[in-house]
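Remarks on the structure that follows.
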Protein chains: 2
Amino acid sequence: MASTILDVAKLSGYSKTTVSRTFLNPENVPETTRTKVFEAAKKLNYTPNAIARAMVRKRTDNIAFILSKHQYPAVLNPFYSPILETVLQTVVKENYSLFISPDTDLSLPNGEIYLKNQMDGVLIAGKTNPKVINGFMNQNLPVVLINNKLDIDGLFCITADHYAGARLAMNHLVERGHRKIGLLAGNFSPQVFFERYNAYIDVQRENNLQVDYRFVQSLDPNVSEAFQYASSMLVSKDRPSAFFCTNDTIAIGTMKAAIRLGLRIPDDIAVIGIDDSTMSSLIEPELTTIHIDTQAMGLWAAETIIALINHQPITRENFEVDSYLVVRNST
Amino acid sequence: MASTILDVAKLSGYSKTTVSRTFLNPENVPETTRTKVFEAAKKLNYTPNAIARAMVRKRTDNIAFILSKHQYPAVLNPFYSPILETVLQTVVKENYSLFISPDTDLSLPNGEIYLKNQMDGVLIAGKTNPKVINGFMNQNLPVVLINNKLDIDGLFCITADHYAGARLAMNHLVERGHRKIGLLAGNFSPQVFFERYNAYIDVQRENNLQVDYRFVQSLDPNVSEAFQYASSMLVSKDRPSAFFCTNDTIAIGTMKAAIRLGLRIPDDIAVIGIDDSTMSSLIEPELTTIHIDTQAMGLWAAETIIALINHQPITRENFEVDSYLVVRNST
DNA sequence: ACACGATAAGGGAACGTTCCCAATCGAAAC
DNA sequence: GTTTCGATTGGGAACGTTCCCTTATCGTGT
């Protein structure tokens, strides 16, 4: 049905080799040849077949972005979606195509198989089964991990220091004079959960504050759950003067609860989040939070996978991204 | 480097045909054959080459999701990202892979070309150059348009009636007794812009209200721009009692401005948005808005493109998705 | 006049599958 | 005992490119 390089060759009067050459390096071919070939191609509505090309070149220029199945929703996830956005823009600029996949299908009988030979490299965001990673690496596929670190030879990772970030948040609250601080901790991957939890405990110890475990709660990181826990804690007579929420979504639920109870933020209750997601500056009062440089994550991940694909030197190995405090009006 | 079907054939003692058969339809092969083949494959770390397979089958099981370049950011766009999420989940369930692409690269010298033969079908979200659509259709590629309608034979479209949706919003404001209503209209595609603008005008005419053009403004649909325009309008002595914002982002900027000026929502100033984006129920007070059934859009688009790929009958042609009013606390 | 290099173009193998067709073999049917 | 049929397997062409190698042509310098 669709026309092939042979049709163009016949119509233009040249050989398939010349046609191929013309499409690959137009400048390496005399002008008359070029125009004749392109003319014929246009007339036949011809377009080089990317699959056939990939077959001989052993390159597809496709990069996969796999989101841990623990992260649902995939595209809408407030932490990962800015990373995906940056990766997409970066990768497209270098003429790669981006393929996105929640990693569920990798566990399907044939899912893992199909993915492999169609990709030049794989980006994995979040916690994943090491078996999957090994599967890719056994095929000599370059892999870069995002917000996850595994000590495998030849594997590159980009992470953030969630302990340091959480300390920033806690220190800020302490500096503002808060002596009683509640914790609403999202149950992300155990690693992230504990890094932030430990920061909460450590900073308080260092400042001789006592942890009141009635105001420490782990929960699913969504607004309604945060709203519920925060509501019940905020009505307590000896409630904390501040809440450390381990992400912005939880912080927003907490603020909602406070506002509904008629409490003033930050005078009656201070709230701090983590992520500096888009929402944090949209709500009123605006949320004080920890900015994690997700743009750097996306950029480095994209550039690294491309460098690996092209066997170019890697600028930095296993790079840890910065976090900083963004003071707004909720503290 | 990587092992091929011939290696497996040799090691297992069967022919390449039998190996191929075993991978394609394990149940069509005697058990002893199956185990021997799979054993050999495992030993060799063999995995069928998706590219070679695609080459002979003339199918890749890849679907492209192209976001209009007018929509930036791509993944983070509050209207399109839920659609993308639904499309992704639906498509993956049917064992297709999803490629995402901002449509900029289609205009690159070779960009358009490369995309074509690697996809079984194409989803295009938002306004696009018809040339691009024709390019795909000339290659006999199924195309489905999302939130955009073009009268091309064989082209399927899913849209929302933005005029009707906007009328819902305006009628709600009128019912609440508002006689003076301002408009903050995002400059989306001209089509969407005018559908909503016309609804604004028409509903007021029908109710004998006078339009005060000092409070009508078109703007880029982002929070800070909305904040600025709303701020300057809200300080006016004879300001409107309500603002119709043509999406939630604008509404949020408007509410922010009102809150900063110490106005009470909805008593001093009512605000209504469109989209029912995630944010609308996170802010305080929660935003009254028009819900557009983006989930239905994503689902139908995904199912339709898959049906087209498989030459199955289409359940519904050119389907227009429902909108309804969601009353919250901003009106 | 001759050799030589640069420029232009073509022939054919190779990439790793699938799938059509044919071949073999044993058992069941007549 | 011959035929038929199903089950199992294999050979080879085809898919549409790229790329290595070769060939032809045409100056250009000596």
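Here is the naming used below: chain letters follow the sequence lines, and residue numbers restart at 1 for every chain. Atoms considered below: every heavy atom in the structure, side chains included; atoms not considered: hydrogens, waters and symmetry mates.
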Quick one: [X] [atom1] to [N] [atom2], roughly how many Å, whole number?
X       : N      : atom1 : atom2 : answer
B:Asn25 : C:dC19 : CG    : C1'   : 12 Å
B:Ile51 : D:dT18 : CD1   : P     : 14 Å
A:Phe23 : D:dT18 : CZ    : C1'   : 14 Å
A:Arg57 : C:dA13 : CZ    : P     : 22 Å
B:Arg34 : D:dT9  : CZ    : C1'   : 16 Å
A:Met55 : C:dT18 : CE    : C1'   : 11 Å
B:Leu6  : C:dG16 : CG    : P     : 9 Å
B:Asp7  : C:dC15 : CG    : C1'   : 14 Å

For the [atom1] atom on [X], are there more than 12 heavy atoms of other groups (residues, nucleotides or ligands in this structure) within a distance under 6.0 Å?
X        : atom1 : result
B:Asp151 : CG    : no
B:Glu31  : CD    : no
B:Gln312 : CD    : yes
B:Asn134 : CG    : yes
B:Asn138 : CG    : yes

Measuring from the side chain of B:Val56 (C-beta onward, heavy atoms only), which nucleotide among C:dT17, D:dC19, C:dC15 has the closest atom?
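Nucleotide nearest to B:Val56's side chain: C:dT17.
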Parallel, tilted or perpendicular: which fits the ring planes of B:Trp300 and B:Phe156, with parallel below 30° and perpendicular above 60°?
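Rings of B:Trp300 and B:Phe156: tilted, 30 to 60°.
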I'd like to know whether A:Val321 forms a side chain to side chain contact (heavy atoms under 4.5 Å, CB included) with A:Thr159, so could you lay out the CA-CA distance, the side-chain angles of the two residues, the decisive distance to 0.1 Å, and finally the verdict.
CA-CA 6 Å; A:Val321 124; A:Thr159 51; over 6 Å; no
Below the 4.0 Å mark, does D:dA14 have OP1 or OP2 next to a side-chain nitrogen or oxygen of B:Lys58?
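For B:Lys58, the contact criterion (side-chain N or O under 4.0 Å from OP1 or OP2 of D:dA14) is not met.
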Whether each nucleotide of nucleotides 4-10 of chain C has a protein heavy atom under 4.0 Å at its base (B), only at its sugar-phosphate (S) or at neither (-) is summarised, 5' to 3', as ----SBB
In chain order, what residues pass the side-chain hydrogen bond (donor to acceptor under 3.5 Å, both in side chains) check against B:Asn187, with sequence neighbours excluded?
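Partners of B:Asn187 by the side-chain hydrogen bond (donor to acceptor under 3.5 Å, both in side chains) criterion, ordered by chain and then number, come out as B:Asp220.
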Angle between the end axes of the helix from C:dA1-D:dT30 to C:dC30-D:dG1, five pairs per end, to the nearest 10 degrees?
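For the helix from C:dA1-D:dT30 to C:dC30-D:dG1, the axes at opposite ends meet at about 50°.
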Nearest non-hydrogen partners of A:Gly126 and A:Tyr80, listed with the distance:
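So the minimum-distance heavy-atom pair works out to CA-OH, 3.3 Å.
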